[in-house]
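Take a look at the structure below.
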Amino acid sequence: MIELFAPAKLTLSLRVTGVRDDGFHLIDAEMVTLDLGDTLELDPDGDGLVVIRDGVREPGDDDDLVAAALRMVGRRAAVVLHKRVPAGAGLGGGSADAAAILRWSGATDLVAAASLGADVAFCVRGGRARVRGIGEVVEPLAFVERTLTLLTPPIHCSTPLVYRRWDELGGPRGEHGNDLEPAALSLVPDLATWRDRLQDATGRRPRLAGSGSTWFVEGAHPGPGRVVARTVPASGT
């Protein structure tokens, strides 16, 4: 049995710089790897995917990013995925899981990785990086140790729908470093309640992680529903 760690990513800033002819949005973002994440248990002699979340064990879907990553690299394995990163939270949980499979198999093609999902290429590289294009251009940046407090509401934010709302709003520029924040708030107004809750608890103006739904602030502010996380360098550095 092989155990892999799939660390979450956090998008510290995100600018939308254009839209391709195929509808995919071009970005210029800063992303970092966090010390929280999912765990994958692999049996290279087996087959199939099982997902365990909140103690509930369920069979994985064929369209799960882990299954897609295994198909991409032409490998088979029985995988038990212990999910700790919430879905729809803007923390790249599914992308991190796929990236763990790609790293295990030795796949380093970031363009191919990005074809699985916009965040997969960064998650393969990890650390701290400037991410451009549709996610396939990953420029490593010097590691900076940071402590951040995250608050993830029980709200699922669909990345495609947030980008669609951004288009509908005429491509607004986010005042707090994330162009998707106005679109996410327009699409899911309840996000504002959780933003204000974190601001009241910390005295800092939260920023939205990517397309949401996680809000974060600098520093350690432990408390109900909040997670204190730290940035970590790229694996092997």
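- Side-chain contact between Leu102 and Met72 is present, with heavy atoms from C-beta onward closer than 4.5 Å.
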task = Starting from the C-alpha separation in whole Å, work towards a yes-or-no answer on side-chain contact (heavy atoms from CB on, under 4.5 Å) for Glu30 and Arg130.
result = CA-CA 5 Å; Glu30 180 184 353; Arg130 181 184 183 187; over 6 Å; no

key: From CA spacing to verdict: side-chain contact (heavy atoms from CB on, under 4.5 Å), Cys157, Leu208   = CA-CA 11 Å; Cys157 282; Leu208 190 67; over 6 Å; no

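- Contact of the Asp200 side chain with the Arg197 side chain is not registered, since no non-hydrogen atoms from C-beta on lie closer than 4.5 Å.
- Asp97 pairs with exactly one of Lys83, Arg84, Arg103 by the salt bridge (charged side-chain N to carboxylate O under 4.0 Å, His left out) rule, that one being Lys83.
- The number of heavy-atom neighbours closer than 6.0 Å to CD of Glu175, taken from other residues, nucleotides and ligands shown, is 12 or below.
- The shortest distance between side-chain heavy atoms of Leu12 and Phe216 falls below 4.5 Å.
- Val51 and Gly60 make their closest contact through CG2-CA, 4.1 Å (heavy atoms, listed as atom of the first residue, atom of the second, distance).
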key: Verdict with supporting geometry, Val16 and Leu180, side-chain contact (heavy atoms from CB on, under 4.5 Å)   = CA-CA 8 Å; Val16 182; Leu180 296 182; 4.1 Å; yes

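- To the nearest 0.5 angstrom, Trp104 atom CH2 is 4.0 Å from Arg75 atom CZ.
- Applying the 6.0 Å contact sphere to CZ of Phe143 captures more than 12 heavy atoms from other residues, nucleotides or ligands.
- The backbone N or O of Met31 sits nowhere less than 3.5 Å from a side-chain atom of Thr11 that would complete a donor-acceptor pair.
- Residues Thr231 and Arg128 form no side-chain contact, since every pair of their non-hydrogen atoms from C-beta on lies 4.5 Å or further apart.
- Taken together through direct or relayed side-chain contacts under 4.5 Å among Ile, Leu, Val, Met, Phe, Trp and Tyr, Leu49 and Val85 form parts of separate hydrophobic clusters.
- Atom CG of Asp21 has 12 or fewer neighbouring heavy atoms from other residues, nucleotides or ligands inside a 6.0 Å radius.
- Counting non-hydrogen atoms of neighbouring residues, nucleotides and ligands closer than 6.0 angstrom, the CZ atom of Arg57 reaches no more than 12 such neighbours.
- Interatomic distance, Leu185 CG to Leu191 CG, rounded to the nearest 0.5 Å: 5.5 Å.
- Here the closest non-hydrogen pair linking Val124 and Ala107 is CG1-O, 4.3 Å.
- The shortest heavy-atom contact between Ala67 and Asp61 is CB-O, 4.0 Å.
- The shortest side-chain heavy-atom distance between Tyr163 and Val19 does not fall under the 4.5 Å cut-off.
- Within 6.0 Å of CZ on Arg53 lie more than 12 heavy atoms contributed by other residues, nucleotides or ligands.
- A donor-acceptor contact shorter than 3.5 Å links the side chain of Asp179 to the backbone of Gly174.
- For the pair Leu34 and Val232, the tightest heavy-atom approach, listed with the atom from each and the gap, is O-CG2, 3.7 Å.
- A heavy-atom distance below 4.5 Å is found between the side chains of Leu150 and Leu91.
- The hydrophobic cluster containing Trp166 also contains Leu161, counting ILVMFWY residues as joined when their side-chain heavy atoms lie under 4.5 angstrom apart, directly or transitively.
- Taking each heavy atom of Asp38 and Gly93 in turn, the nearest pair found is OD2-O, 3.8 Å.
- Asn178 places a side-chain N or O within 3.5 Å of a backbone atom of Gly210 that can act as its donor or acceptor partner.
- Counting only distance, with no hydrogens or angles, the side chain of Arg207 and the backbone of Gly177 share no donor-acceptor pair below 3.5 Å.
- One finds the CG atom of Asp35 at 7.0 Å from the CZ atom of Phe5 (value rounded to the nearest 0.5 Å).
- Panel note: side chain Thr214, backbone Gly90; no donor-acceptor pair is recorded below 3.5 Å.
- Residues passing the side chain to side chain contact (heavy atoms under 4.5 Å, CB included) test with Asp43, sequence neighbours excluded: Met1, Asp45, Ala78.
- Residues Arg165 and Ser186 have side chains that bring a donor and an acceptor to within less than 3.5 angstrom of each other.
- Counting non-hydrogen atoms of neighbouring residues, nucleotides and ligands closer than 6.0 angstrom, the CZ atom of Arg205 exceeds 12 such neighbours.
- With hydrogens and angles disregarded, a donor-acceptor distance shorter than 3.5 Å links the side chain of Asp64 to the backbone of Val66.
- In terms of heavy atoms, Ala209 sits closest to Leu10 at CB-CD1, 3.5 Å.
- In summary, Glu218 and Arg204 do not engage in a salt bridge, as defined by a charged side-chain N under 4.0 Å from a carboxylate O.
- Clustering ILVMFWY residues whenever any of their side-chain heavy atoms sit less than 4.5 angstrom apart, transitively, puts Ile155 in the very cluster that holds Val162.
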message = Applying side-chain contact (heavy atoms from CB on, under 4.5 Å) to Thr39 and Leu4, what does each step give before you reach the verdict?
response = CA-CA 6 Å; Thr39 302; Leu4 306 176; over 6 Å; no

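- With hydrogens and angles ignored, the 3.5 Å screen pairs no side-chain donor or acceptor of Trp194 with any backbone N or O of Pro154.
- Side-chain contact between Leu151 and Pro206 is absent, with no heavy-atom pair separated by less than 4.5 Å.
- A donor-acceptor contact shorter than 3.5 Å links the side chain of Arg226 to the backbone of His221.
- Contact annotation: the side chain of Leu70 never approaches that of Arg76 to less than 4.5 Å [non-hydrogen atoms, C-beta and beyond].
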